[in-house]
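What follows is one structure encoded as structure tokens, with my remarks underneath.
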Amino acid sequence: MLDKTYRPSEVENRHYLAWEASHAFRAEVTSNKRPYVIMMPPANVTGSLHVGHAFTFTLQDILIRFHRMRGRDALWQPGTDHAGIATQMVVERRLEAEGTTRDRLGREAFLKRVWDWKGQSGGTILRQLRRLGASADWSRERFTMDEGLSLAVRKVFVELYKEGLIYRDKRLVNWDPKLHTAISDLEVQSREIKGKIWYLKYPIEGESGRTITVATTRPETMLGDSGVAVHPDDRRYKELVGRHALLPLVGRRLKIVADLHADPEEGSGAVKITPAHDVSDFEVGRRHGLELINIFDRDARLNDNVPPAYRGLSREAARAKVVADLTALGLVERVEDHLLMLPYGDRSGVVIEPWLTDQWYVDAKTLAAPAIEAVRSGRTRIVPRQWEAVYFEWMNNIQPWCVSRQIWWGHQVPAWYGPDGKTFVEMTEDAAKRAAALHYGHEVELKRDEDVLDTWFSSALWPFSTLGWPEKTAELARYYPGDVLVTGFDILFFWVARMMMMGIHFMDDVPFRDVYIHGLVRDERGHKMSKSKGNILDPVDLIDSYGCDALRFTLAATVAEGRDLKLSESRVEGYRNFCTKLWNAARFCEMNGCRPAPGFAPAAAKETINLWIVSELAEAGRKVALALEEYKYNEAAQALYRFTWNLFCDWYIEFAKPILMGTDEAARRETQATAAWVLDQLLHYLHPLMPFITEELHEQLGGRPGARLITAPWPAPGDELVNPEARDEINWVVRVIAEIRSVRAEMNVPPKAELPVEMRGAGQETLKRLERNHGLIERLAQVSVKQRGRTAPAKGSVQVLIGEAT
RNA sequence: GGGCGCGUAGCUCAGUGGGAGAGCACUACGUUGACAUCGUAGGGGUCGCAAGUUCAAUCCUUGCCGCGCCCACCA
């Protein structure tokens, strides 16, 4: 006998362990089933499960469970990501608390600390994922820095280098002065800042008293100026082109050049050029052979290339002093308020400094071309489609990808330098030494590149590195490419685009057929969840309070394609109630002897209500399958919800009551069998969304011993189950009953008072006791209801007249 | 500056060229033997504004207003 209410906490863990123990999550390389593959985005080892994870992983698990039931060999490949900068920051913070630093520890000891820390806390998120019911193949769990994946990273790096698609270059990078590393363009966030713009007067060489005015939002960078640019057609400055200005405070001669970069409409029309500290100035400088003067150190403090008075100052202090000194000299023409966009490091939160350094770059433009074509030709489909435009836009304008990072935690760049700086990029140090010996004609000492690679470099290989590449494994042959990648739009560029590039280049095929892009989870008012706002919903708390299935169903039901998801606890509570409703419907069936009847043929039922519910179930099942095939989770959830609550519970069970308690033995047996059959099928359909409660009910309601819903086949509803006649009849009865209830409420008929119902015409015997248990009679004819001049649903000749209350 | 998306019931949002919907909230009634984590009934919307296409527009087109996000080296 089922308990009175469903208690998730008492069943979830038990079923999860049983699933794992029975290897229900395992993909079988030797299976003759068609594979179905989803690469789980590797979770950050430093992380714990937040509601965004719960969302994306629920969507993935639904697909995996659905296709597993549909007879596919499902592989959901799990793992974790070393998350270079993020993890290193966490460990450094811990060191700081201990009063030491990574520099003091040294590279080797520091890395040991990170590995230790990864060992103790790295599994947290994957453990929490199990609470979500995630049916990933844990036996295949990988880590981006495990041996195999590290090998793949080196191999990719070496091959791309030898193909000329990875190279070392000196250019301006996004330098994070706090983390002391370069970061990629994607790791920079622009924020609008209310700043100022200074109009500075630079004296013209050889003409005392004459000046040229330049405008700048960063006056401190003037210490690194090496030129002034004006537009070639700008009459105001035409005659100054080719002459020189004198840089105040420094005394450097600045060549005045004509360049299209200078916009006569902007500022004063003349631009100071600081080639070493501004991306566009860098280009201007290159065009005119201007000197690159680096004035910052790695902390973004002024270095020895500026006059002594400014050395060692921070950017902020330098600005104040430069402005003060120029003001004192009368060289500040004016200052205006100005809105500007400033680049911030997305990890450190400090202003990024364009800084001239040597870094490793991936030729993304070359790799992007076939990745663009793959989407254009439909070999990979992006859902919803609107994201294709975003993908194309970014890929078409892609810049070289800076992949080297000046941190320690990560894959060290497999490059070695000879005594003269000659570079050897090889899989191993030995190979590099051999190459060097060959080159120099004798053995030499090599120095390894200190940098590590961008975390996303290894993530980009995930779809094939996890399957054993570069070995030609059976897994690789069978599970590449994957069927779908499910992820948020926030990592479309970071990850999806790069997997496309690497996958196509090294596997000669796209890494996945579909990309399903979803929104982000926000709070109920649409704000981003953050600790500081205190609006965080913890998925584990929600699971504890309402059960895993309630959370999963909420997430699935609330997805709006191409939109962010606003999650509120009341919503989860509502779907917890849905679980209870389902549970109690099952309890009713159990109490009324509804057990699966061997050989039961639903389409051959005699009772209209039975034919009807079977038909409605078939429609619902179809809708669910169709919806899930197209990633329309909310439609699947809605179809299930409506069928379960509004049809099965609200009407079918009520219709069934008089039959189950009546004297017609045959009708009762048929109804018992139907109810049991429908419920069992429904559990199948619900399972991908609500795995625990369905498994529990399936077990308790006498599925065959040992039979697990998770591996049960998905029932494909046959055409013979669909019965439009039964559907029309019951729909009509439902409308009549609703009408009578409405009239009754309007007339204020007391609950227990009889409401005389008079029927005229053929088939009047078909409606009796419509109130209360609204017992349904075998054959329902066409009836109309009239009361106080109202016309109710009418079909044919039968009339139902409702009298005054007695 | 470019691109994308959104404005439908108090709130969160589905939805469709021809009847305006769901959940929550609200009101009234109800201790019916599955369920009060429930049931029945009910109130509430000029579907952002304007014009156009159409026999017909919440839905298609254009413009406007408001909101959000992404991308971008303009001083």
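Any value given below was found using the heavy atoms of this structure, including those in side chains, with hydrogens, waters and symmetry copies removed. The sequence lines fix the lettering, A, B, ..., with proteins before strands; numbering per chain opens at 1.
As a whole-Å value, the separation of A:Phe553 CZ from B:rG23 P is 13 Å. Counting to the nearest Å, the C1' atom of B:rA22 and the CG atom of A:Asn634 are 12 Å from each other. For A:Phe655 and B:rA34, the CZ to P distance is 16 Å, given to the nearest whole Å. Taking atom CD1 of A:Ile273 as the reference point, atom P of B:rC74 lies 14 Å away to the nearest angstrom. A straight line from CD of A:Gln386 to P of B:rG2 spans 20 Å, rounded to a whole angstrom. Between the CG atom of A:Asp259 and the P atom of B:rC74 there is a distance of 16 Å, rounded to whole Å. Between A:Phe392 atom CZ and B:rG2 atom P the separation is 22 Å, expressed in whole Å. Whole-Å rounding puts the A:Gln399 CD to B:rC73 P distance at 8 Å.
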Let's go through A:Glu573 and A:Arg571 carefully: what are the C-alpha distance in whole Å and the side-chain angles of both, what is the deciding distance for salt bridge (Lys or Arg N to Asp or Glu O under 4.0 Å) to 0.1 Å, and is it a yes or a no?
CA-CA 5 Å; A:Glu573 192 181 348; A:Arg571 201 85 193 232; over 6 Å; no
Would A:Arg252 and A:Asp225 count as a salt bridge (Lys or Arg N to Asp or Glu O under 4.0 Å) here? Give the steps. CA-CA 8 Å; A:Arg252 188 179 301 129; A:Asp225 282 1; over 6 Å; no
Subject >> Evaluation steps, ring pair (Phe, Tyr, Trp, His ring centres under 6.0 Å), between A:Trp401 and A:Tyr361 >> reply: CA-CA 5 Å; A:Trp401 173 18; A:Tyr361 291 89; over 10 Å; no
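Salt bridge A:Arg381/A:Glu388: absent, no basic N to carboxylate O contact under 4.0 Å. No salt bridge links A:Arg587 with A:Glu590; every basic N to acidic carboxylate O contact stays at or beyond 4.0 Å.
If you take atom P in B:rC13 and the same atom in B:rC69, they sit 14 Å apart, rounded to whole Å. When the P atom is compared between B:rG21 and B:rC47, the two are found 14 Å apart, to the nearest whole Å. B:rA22 sits 31 Å from B:rG68 when the P atoms are compared, rounded to a whole Å. Nucleotides B:rC67 and B:rU31 are separated by 49 Å at their C1' atoms, to the nearest Å. B:rG39 and B:rU53 have their P atoms separated by 49 Å, with the value rounded to a whole Å. Taking atom C1' in both B:rU40 and B:rU32, the straight-line distance is 12 Å, to the nearest Å. Only the P atoms considered, B:rC64 is 49 Å distant from B:rC38, to the nearest whole Å. As rounded to the nearest Å, B:rG43 and B:rU12 have P atoms that lie 24 Å from one another.
Residues A:Leu689 and A:Ala556 approach most closely at CD2-CB, 3.7 Å, considering heavy atoms. For A:Asn592 against A:Met661, the heavy-atom pair with the smallest separation is OD1-CE, 4.2 Å. Heavy atoms only, all atoms of each residue included: A:Ala364 and A:Met501 are closest at O-SD, 3.8 Å.
Checking B:rC13, B:rG33, B:rC35 against every side-chain atom of A:Lys566, the shortest atom distance belongs to B:rC13.
Contact annotation: A:Lys4 does not reach the phosphate of B:rA34 (side-chain N/O to OP1 or OP2, under 4.0 Å).
When each of A:Tyr575 and A:Val559 is assigned the nucleotide of RNA chain B bearing its nearest heavy atom, the one mapping closer to the 5' terminus is A:Val559. Comparing A:Cys589 and A:Leu339 against RNA chain B, the residue whose closest nucleotide sits nearer the 5' end is A:Cys589.
Ring centers of A:Tyr633 and A:Tyr516: under 6.0 Å apart, within the cut-off. A:Phe493 has its ring centre no less than 6.0 Å from the ring centre of A:Tyr391.
When heavy atoms are screened at a 4.0 angstrom cut-off, A:Ala262 is found touching base atoms of the nucleic acid. Among the protein residues, A:Lys272 comes within range of no part of the nucleic acid, since none of its heavy atoms lies under 4.0 Å from any strand. At a threshold of 4.0 angstrom between heavy atoms, the contacts of A:Cys649 include nucleobase atoms, whether or not backbone atoms are also involved. Residue contacts for A:Ala585: at a heavy-atom cut-off of 4.0 Å it reaches a base atom on one of the strands shown.
The shortest side-chain heavy-atom distance between A:Leu223 and A:Thr274 does not fall under the 4.5 Å cut-off. Side-chain contact between A:Glu619 and A:Arg727 is present, with at least one heavy-atom pair separated by less than 4.5 Å.
Side chain of A:Thr580 to main chain of A:Arg576: a donor-acceptor pair is present (N/O by atom type, distance under 3.5 Å, no hydrogens or angles).
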Distances under 3.5 Å between nitrogen or oxygen atoms of protein and nucleotides 69-72 of chain B:
none

Collect all protein-nucleotide pairs involving nucleotides 37-42 of chain B in which both atoms are nitrogen or oxygen and the distance is under 3.5 Å.
from: B:rU37; atom 1: O4'; to: A:Asn577; atom 2: OD1; distance (Å): 3.3
from: B:rU37; atom 1: O2; to: A:Arg576; atom 2: NE; distance (Å): 2.8
from: B:rU37; atom 1: O2; to: A:Thr580; atom 2: OG1; distance (Å): 2.5
from: B:rC38; atom 1: OP1; to: A:Asn577; atom 2: ND2; distance (Å): 2.9
from: B:rC38; atom 1: O3'; to: A:Lys581; atom 2: NZ; distance (Å): 3.2
from: B:rG39; atom 1: OP1; to: A:Lys581; atom 2: NZ; distance (Å): 3.2
from: B:rG39; atom 1: OP1; to: A:Trp645; atom 2: NE1; distance (Å): 2.5
from: B:rG42; atom 1: OP1; to: A:Ser742; atom 2: OG; distance (Å): 3.3

Pairs under 3.5 Å (Watson-Crick or G-U), crossing ones as [ ], inter-strand ones as |: RNA chain B comes out as (((((((..((((....[..)))).(((((.......))))).....(((((..]....))))))))))))....
